[in-house]
Q: 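Just dropping this structure here.
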Amino acid sequence: MYPSSHVRNGCYFFRTRVPVLLLFVSLLYAAPVSAEPRPLRVLFTHDLHSYLSPHSVRAADGRVVEAGGYARLAGAVSEARLAAGGACLVVDAGDFAEGTLYHTVFSSEAPELRTMGAIGYDAATFGNHDFDFSPSGLAGSLDTAKLKGARLPALVISNLRFSSGDPADAGLKRAFLDFPVREYTVLERGGLRIGIFGLLGRDAAEDSPYSKPVAFGDAAENAGRVVRLLREKERVDLVVCLSHGGTNPIRSRSEDENLAAKVPGIDLIISGHTHTLLAQPKVVGNTVIVSAGPYGERLGILDLKVGRGAPVSIAGYRLQKIDDGIREDREVTRQVAAFTQIVEQRYLSHFGYAFSQVLAVMPFDGASLDSLYAHPGENGLGNLVTDAYRYAVRRAEGPNHRRVDAAIDVLGCIRSPLLRGRITVAEAFQTASLGPVQHGWCGNTIVAPYMTGADLKNLLEVETSLAPSKKDGHLSVSGIRFSYNPNRMFLDRVTSVELQGDDGVFVPIRMDGLYRVAVNSYVANLVDLISTKSHGLLKVVFRDATGAVSADPDRFTVMDGREALREWVALARYLSSFPAMDGIPVVPERYRAPEGRIVVAASWNPVALVSGGNWLTWSAVALAVATLFLAALSVSAAMRRMQEGNKSRNKS
C-alpha cells in the first residue's frame, strides 16, 4: 500500500497533467503525418492555335514528317497522367484558337474548347488570338462550348477589363458569367490545394486589335492582387500562373521573367505567346518558368515537389514529342473527324475548295518559322505571299483593275511554312490563317488603299527601327525594293525606295506621289500601332484615289465579285497559277531564297548618315552641332580664364 501522500500526489498528476498530455498527443496526430514535400505532375501546352489535326514539320534529318494532333496529344496526356496517379494537373497558357481551318467554325462549334475538354484539360487562359473573332465571336464560342461540351476546362483571366458602357462587349460579359470565366480557380490534386490564374501580357494586348472595347490591365499589378487572394484567403499550397506574356532572350523584354521578379509569390509560370521552347526551365527567385513550344508539337511534363511554406523543387522536366509513335485517343479522333467534315461543308465549299485538295508542289525546302524568326529580313516565303496579293487583286478586279504598286506583309501574319512536297488547301490556309469573321466569313481580307511616298517610306521604317524590338514586325514586300542603313538615325534609316514598273524596271518613288498598296486587314488594323510604338514620331495614313485621308481600312477591301478577297484564297490561287508538271503546278525556284527586295547597306560615312534625312536626322545633327559649339565655347572660356590667371600670377 502506498502512503496517503503518494496517493494524493498521483491523483493530482492524473487530474492535471494527463489531460495536457492527451491534448498534446491529439494535436500531434491532427497535424500532417509528414512534412515531406508532395509530388505533383504538371502537363502543359500553349499556343495550340486550333491545330486539331497533325501537320507537316521538317525533322532534324531533313525529312518532312507529321507532328501534333489532338488525338495523339490526348494519348500522351492520358499516359503521363496515369503514371502520376491522382497528383496531376493539365493546363494551357492561351491562344488555343486561330491558326487552321478548324477555327472557321470557332463561334458556331467551339472545336478547340470542346476537344480540350475531351483531352482532360483542367484549366486554360486566353491569348490575344482568342479575341481575333471580336468579343461577340468569343462569346459565341463560349456559349457553344457550354451547350455542347460534355467536359470543359476551367477558364481563367485576371487582368481583363470590360468597358463601362459600350454594348460591343456586353455579350461577352454575359458569356463570361454563364460559362463561367473567373479570375482564378482552386483545384485539389494529390492532397495539395492549387491556385491557378491567367494573364494576358502587354505585347499580346497590343497584338489584339479585334478585342476592343475589351481592355487588359497591367499584368504584374493584377498578378500581385490575385496572388494575395490565393495565399491569404484561399490558403493554397501552390500558385500557378497561366501567362500569355512570353519570354525573350533579351531580359528587359522578357515579360514572364520580369513578372516573376515583380511578383515573387508565384510558384510556377506556364509561359505562352512567344512560342518559346525551353529545353530547361527558367528559375527567377523561387518561380519556375516553363514553355513547350507551339501547335501541340510537344507536351510539357514538369514534375514538382511541393512543400507547405517552402519553395517548390523540380523533380523532373521533359518535352515529349507528339508524333506517330503515340497511340491516338479514339474518341478524340472521332471528334476531330466530325469537325473536319463540318469545316468542309460550312466553309470550304463556299470558296470551292476541299480540305486535302492539292494546290501545288514545292520542289525545294522552304524555310521554317524558327529560321525566319532567327534570321529576320527578306525571305522566299514572304516574297511568295506578297506576290500572291498583287496577282489575286489583279485577277479579282479583272477589267476594272487599278494597278497595285506594292504589297506588304509582316512576319507575324505568316503563320506556317510551306515545305517540300505537295501543298494542300489546309496548308495554304495555315500559312495565311489570321482573321476574324469579316464580310460574312472567317479570314483576313486584302485591302488596297493609296499611300503617299512619304507614308510608304514611314511604313517601311517598321523594318529598320521597330521590328528589331518586335520580331513579328519584320516586313515582306512585293513590287518594291528598298535599302536602309542600320547606322542612321532611328526612324530615318530607309535610304532609297523604288517601285517596279510593268516593264520590270525599278523607279524611285516621289514623296508626294500616290501609290496603291495591298496589305491584309490584320496589318491594316494595326497601322495605328506604328505611331504608338514610335511615340508619335512616325505616322502612316491611308488615302483614297483622290488622296483624301480615310480612317476606315475596310472601305478599301478588294472585292472578288460579290465576295471580299481573302488572304488565304489569294495564296491558294497564286499557287494554282504556276506552270504544271505532271498535272500539278510547281512553285518556282525564285521563291527558294531572297532576291534583293530588302537591302541592308550599313555605312558610317558621314554623308551616308545624313543624306536625304528627315526632320529627326537634321534635328539630331543640329543638336550635335549645338552641343559641339557649346562645348567649344566652354573650352574657349576655360582657356581664357587660365590665361588670365597666369597673367595675374606673373604680375604678382
Side-chain angles (χ1 to χ4, degrees), residues 46 48-50 90-98 103 105-117 121-187 194-202 204-219 221-223 225-227 229-230 233-234 240-245 270 272-273 436-437:
H46 53 86
L48 291 172
H49 286 293
S50 303
V90 189
V91 292
D92 181 84
D95 270 3
F96 50 80
E98 184 74 86
H103 80 234
V105 292
F106 174 77
S107 296
S108 61
E109 292 295 329
E112 300 84 2
L113 286 173
R114 290 168 63 188
T115 315
M116 289 172 73
Y121 277 85
D122 294 303
T125 193
F126 298 98
N128 51 298
H129 287 295
D130 301 321
F131 293 89
D132 279 358
F133 306 89
S134 78
S136 61
L138 178 54
S141 186
L142 295 178
D143 289 343
T144 301
K146 180 76 172 178
L147 178 65
K148 298 182 179 181
R151 177 184 175 183
L152 298 170
L155 293 178
V156 290
I157 186 165
S158 64
N159 65 329
L160 181 144
R161 299 292 177 265
F162 290 106
S163 65
S164 58
D166 193 325
D169 64 358
L172 183 59
K173 185 175 182 179
R174 175 201 50 75
F176 266 45
L177 293 173
D178 291 344
F179 189 83
V181 178
R182 299 186 173 96
E183 287 197 318
Y184 66 82
T185 188
V186 177
L187 303 175
I194 304 164
I196 307 169
F197 71 102
L199 290 171
L200 193 86
R202 182 185 65 254
E206 290 177 350
D207 288 346
S208 186
Y210 300 113
S211 64
K212 298 174 183 177
V214 170
F216 304 94
D218 181 78
E221 179 183 332
N222 285 278
R225 174 179 58 81
V226 175
V227 167
L229 284 172
L230 291 171
K233 178 184 175 183
E234 302 290 353
V240 178
C241 175
L242 308 179
S243 173
H244 204 74
I270 312 297
H273 182 55
V437 174

Q: Could you list the donor-acceptor pairs under 3.5 angstrom formed between side-chain atoms of residues 209-217 and any protein atom two or more places apart in sequence or on another chain?
A:
| residue | atom | partner | partner atom | Å |
| --- | --- | --- | --- | --- |
| Ser211 | OG | Ser208 | O | 2.9 |
| Ser211 | OG | Ser208 | OG | 3.2 |

Q: Rounded to the nearest 0.5 Å, what separates atom CG in Asp143 from atom CZ in Phe179?
A: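 So the CG of Asp143 and the CZ of Phe179 are separated by 10.0 Å.
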Q: Any side-chain heavy atom of Val105 within less than 4.5 Å of one from Pro111?
A: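 Yes - at least one pair of side-chain heavy atoms lies under 4.5 Å apart.
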Q: Between Thr125 and Val156, is there a donor-acceptor pair closer than 3.5 Å when you use the side chain of the first and the backbone of the second?
A: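 Side chain of Thr125 to backbone of Val156: a pair is present.
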Q: Give, for atom CG of Leu142 and atom CG of Leu147, the distance between the pair rounded to the nearest 0.5 Å.
A: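 Separation between the atoms: 12.5 Å.
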Q: Would you confirm whether His244, through its side chain, and Gly201, through its main-chain N or O, come within 3.5 Å as a donor-acceptor pair?
A: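 No, His244 side chain to Gly201 backbone: no donor-acceptor pair under 3.5 Å.
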Q: Measuring from atom CZ of Arg182 to atom CG of Leu155, what distance do you get when rounded to the nearest 0.5 angstrom?
A: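 Between Arg182 CZ and Leu155 CG, I get 10.5 Å after rounding to 0.5 Å.
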Q: What I'd like to find out is whether the side chain of His103 reaches to under 4.5 Å of the side chain of Asp132, using heavy atoms alone.
A: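 No. Closest side-chain heavy atoms not under 4.5 Å.
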Q: Verify side-chain contact (heavy atoms from CB on, under 4.5 Å) between Asp92 and Met116, making sure each step is shown before the conclusion.
A: CA-CA 9 Å; Asp92 181 84; Met116 289 172 73; 3.8 Å; yes
Q: Could you walk me through whether Leu200 and Leu160 pass side-chain contact (heavy atoms from CB on, under 4.5 Å), step by step?
A: CA-CA 8 Å; Leu200 193 86; Leu160 181 144; over 6 Å; no
Q: So which atom in Pro153 and which in Ala124 form the shortest heavy-atom distance, rounded to 0.1 Å?
A: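 That would be CB-N, 4.5 Å.
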Q: Do Asp169 and Ser163 get their side chains close enough for a donor-acceptor pair, meaning under 3.5 Å?
A: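 Their side chains do contain a donor-acceptor pair, which is all the 3.5 Å distance test asks for.
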Q: Could you note down all residue pairs passing salt bridge (charged side-chain N to carboxylate O under 4.0 Å, His left out) where residues 150-162 supplies at least one of them, sequence neighbours left out?
A: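 Every pair satisfying salt bridge (charged side-chain N to carboxylate O under 4.0 Å, His left out) with a residue in residues 150-162: Asp122-Arg151.
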Q: Return the CD to CZ distance between Glu206 and Arg202, rounded to the nearest 0.5 Å.
A: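 CZ of Arg202 is found 6.5 Å from CD of Glu206.
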Q: Hey, what do you get for CG (Leu138) to CG (Leu172), rounding to the nearest 0.5 Å?
A: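 Answer for the CG-CG pair, Leu138 versus Leu172, is 5.0 Å.
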Q: If you measure from CG on Leu230 to CZ on Arg225, what distance do you get to the nearest 0.5 Å?
A: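 That separation rounds to 10.0 Å.
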Q: For residues 145-174, which residue pairs pass the ring pair (Phe, Tyr, Trp, His ring centres under 6.0 Å) check, not counting sequence neighbours?
A: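 Matches after skipping sequence neighbours: Phe162-Phe176.
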Q: Test your reading of the model: is there a side-chain donor-acceptor pair from Asp130 to the backbone of Ala97, 3.5 Å cut-off?
A: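 Yes.
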Q: Hey, mind stepping through Leu199 and Cys241 against side-chain contact (heavy atoms from CB on, under 4.5 Å) and telling me if it holds?
A: CA-CA 7 Å; Leu199 290 171; Cys241 175; 3.7 Å; yes
Q: Can you tell me if Ser141 uses its side chain to pair, donor with acceptor, with the backbone of Phe106 under 3.5 Å?
A: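 Answer holds: yes.
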Q: Hey, does the side chain of Asp95 reach the backbone of His46 with a donor-acceptor pair shorter than 3.5 angstrom?
A: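 The answer is no, because no donor-acceptor pair under 3.5 Å joins these two groups.
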Q: Side chains of Val227 and Phe197: closer than 4.5 Å at any heavy-atom pair?
A: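 In short, these two side chains touch, coming nearer than 4.5 Å.
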Q: Do you know which two heavy atoms are closest between Gly245 and His273, and how far apart they sit?
A: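 Nearest heavy atoms, Gly245 then His273: O-CD2, 3.7 Å.
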Q: Just by distance, do the side chain of Arg114 and the backbone of Thr144 share a donor-acceptor pair under 3.5 Å?
A: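 Not at all, since once roles are kept as given, no pair shorter than 3.5 Å links the two residues.
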